[in-house]
Amino acid sequence: MPGPDDSPPAEPPQPNANDRPVRRPPLRLIERPRIAFKGWSRLSGKIRVVDRGKERQLMVHGEVLSVYPLDGNWTRVRREYWWKALAFIELPRRPSALLIGLGGGTQIHLLHRLTSPRQITVIERDPVIVRVATEWFGLDQVGKLEIVCDDAESAIVGLGRAGRRFDYVMEDVTYADEPDVALPKLLAMVPLVTPRGSLVINRHRHGDPKPMARTLRLYFREVKIRRVRRTGENTLICCSRPLLNRAADA
């Protein structure tokens, strides 16, 4: 009798006419980040400009403060708070805008793409940030831009005394402050908002925005809380149409 090793070899499977070769998805080339600039500031600490594929990022202490599409495609920013802050409110066609905190100027570019601003004023305390934003984030290509290089509280007082008013005020510097620290600073901005204008406040999602929103409802006809996206870290408090008597007392 044949032993276990004497059995005939198995025939190879016959090809099926319906079988198609399996196509593997092409491997994606992961581009390594490129540091375009690195520096240090006495006010802000470590500053980096990092290119990641088609996007340039301003990083301060490892946090992304601004983005700038190197290919000019701003639609990738639609999901981020810079875009949402403009989308959640009603802006006039030619708004005057005050941005408190410059970063790399992401919202300056968006304002020019979504509206036709007649004036943009920025308060930024750090001259190094101003220089980096101008040299690396295309601010030399935008229209009329006024930069007040001072701390926010002093600059706001100065603008108020000068009778300046803005259709859109974006506050982006008390992001992680405790409410009792942030609120007095925010109330000082109320008189700077035009009667039909808006104040938008960027807050970290870990803080409860509801108590702050309740106080702000004493100063604005409409106050809404908007979460930017489910996995994001930003919550926006959108305040529109200041109550003029309250604004004067703020």
Side-chain angles (χ1 to χ4, degrees), residues 43-44 65-66 81-82 85-86 88-112 114-131 133-134 137 139 142-175 177 179-203 212 215-223 236-250:
L43 294 174
S44 301
L65 295 192
S66 287
Y81 84 92
W82 301 287
L86 297 169
F88 286 153
I89 61 169
E90 184 177 348
L91 284 171
R93 188 179 64 85
R94 299 190 67 243
S96 57
L98 172 64
L99 309 181
I100 302 169
L102 172 63
T106 299
Q107 239 191 21
I108 294 171
H109 290 286
L110 292 178
L111 274 164
H112 277 280
L114 300 177
T115 68
S116 299
R118 67 179 185 273
Q119 172 71 51
I120 299 177
T121 300
V122 183
I123 298 172
E124 173 55 57
R125 66 172 186 159
D126 192 342
V128 178
I129 293 291
V130 174
R131 178 170 58 83
T134 302
F137 290 84
L139 291 192
V142 301
K144 188 176 180 182
L145 182 62
E146 175 188 22
I147 297 180
V148 180
C149 199
D150 198 353
D151 68 89
E153 293 177 72
S154 299
I156 287 166
V157 170
L159 291 171
R161 288 176 177 169
R164 301 284 298 276
R165 299 293 182 270
F166 303 90
D167 301 309
Y168 173 72
V169 179
M170 176 67 188
E171 200 286 323
D172 203 12
V173 297
T174 63
Y175 174 66
D177 287 353
D180 58 341
V181 174
L183 196 54
K185 301 176 184 178
L186 299 174
L187 295 182
M189 302 171 197
V190 178
L192 300 180
V193 184
T194 59
R196 298 185 65 83
S198 298
L199 166 65
V200 180
I201 302 155
N202 182 31
R203 296 290 293 169
M212 184 177 289
T215 300
L216 289 166
R217 287 190 179 100
L218 300 174
Y219 296 88
F220 289 89
R221 297 183 185 278
E222 184 177 356
V223 177
L236 299 176
I237 305 177
C238 305
C239 313
S240 298
R241 296 185 298 162
L243 299 166
L244 298 183
N245 292 337
R246 287 279 190 172
D249 296 336

message = Would the distance check show the side chain of Gln107 and the main-chain N or O of Trp82 forming a donor-acceptor pair, the cut-off being under 3.5 Å?
response = yes
message = I want to check something: taking the side chain as every heavy atom from C-beta on, are Ile201 and Leu236 in contact at a cut-off of under 4.5 Å?
response = no
inquiry  = Quick check on Arg221: does its CZ atom have over 12 non-hydrogen neighbours (other residues, nucleotides or ligands) under 6.0 Å away?
reply    = no
query = Do you know which two heavy atoms are closest between Pro179 and Pro184, and how far apart they sit?
reply = O-CD, 4.4 Å
message = Can you pull out every salt bridge (Lys or Arg N to Asp or Glu O under 4.0 Å) where at least one residue sits in residues 181-200? Sequence neighbours excluded, please.
response = Asp177-Lys185
message = side-chain contact (heavy atoms from CB on, under 4.5 Å) for Leu102 and Ile108? Distances and angles first, verdict last.
response = CA-CA 9 Å; Leu102 172 63; Ile108 294 171; 3.7 Å; yes
task = Search all heavy atoms of Pro242 against all heavy atoms of Gly197 and return the closest pair with its distance.
result = CD-O, 4.0 Å
request  = Please lay out, stage by stage, how Val169 and Ile100 fare under the test side-chain contact (heavy atoms from CB on, under 4.5 Å).
outcome  = CA-CA 8 Å; Val169 179; Ile100 302 169; 4.0 Å; yes
request  = Could you note down all residue pairs passing salt bridge (Lys or Arg N to Asp or Glu O under 4.0 Å) where residues 151-165 supplies at least one of them, sequence neighbours left out?
outcome  = Glu146-Arg164
ask   = Taking atom CE of Met170 and atom CG of Leu110, what is their separation to the nearest 0.5 Å?
value = 11.0 Å
query = Does the side chain of Ile123 come within less than 4.5 Å of Val173's, by heavy atoms?
reply = no
task = Taking the side chain as every heavy atom from C-beta outward, state whether His112 and Pro117 have any atom pair closer than 4.5 Å.
result = yes
ask   = Going from CG on Asp150 to CZ on Arg125, what distance comes out if it is rounded to the nearest 0.5 angstrom?
value = 11.0 Å
query = Is there a side-chain contact between Phe137 and Thr106 (heavy atoms, below 4.5 Å)?
reply = no
ask   = Mind checking whether Val148 and Thr121 have side chains closer than 4.5 Å, heavy atoms only?
value = yes
key: Arg203 side chain to Thr174 backbone, donor-acceptor under 3.5 Å   = yes
ask   = Taking the side chain from Asp167 and the backbone from Ser96, do they hold a donor-acceptor pair closer than 3.5 Å?
value = yes
message = Once rounded to the nearest 0.5 Å, what's the spacing between atom CG of Leu91 and atom CG of Leu111?
response = 7.0 Å
ask   = Is it true that a side-chain atom of Ser240 and a backbone atom of Ser198 form a donor plus acceptor pair closer than 3.5 Å?
value = no
query = So which heavy atom on Ser66 is nearest to which on Gly104, and how close?
reply = OG-N, 2.6 Å
request  = Could you list all the ring pair (Phe, Tyr, Trp, His ring centres under 6.0 Å) pairs where at least one residue sits in residues 150-170, not counting sequence neighbours?
outcome  = none
task = Enter the distance from Ile147:CD1 to Glu124:CD here, rounded to the nearest 0.5 Å.
result = 8.5 Å
inquiry  = Between Ser44 and Ile129, is there a side-chain heavy-atom distance shorter than 4.5 Å?
reply    = yes
remark   = Residues Cys238 and Ile89: closest non-hydrogen pair is CB-CG2, 4.0 Å
ask   = Between Leu187 and Leu216, is any pair of side-chain heavy atoms under 4.5 Å apart?
value = yes
query = So, do Leu186 and Met212 sit near enough that their side-chain heavy atoms are less than 4.5 Å apart?
reply = yes
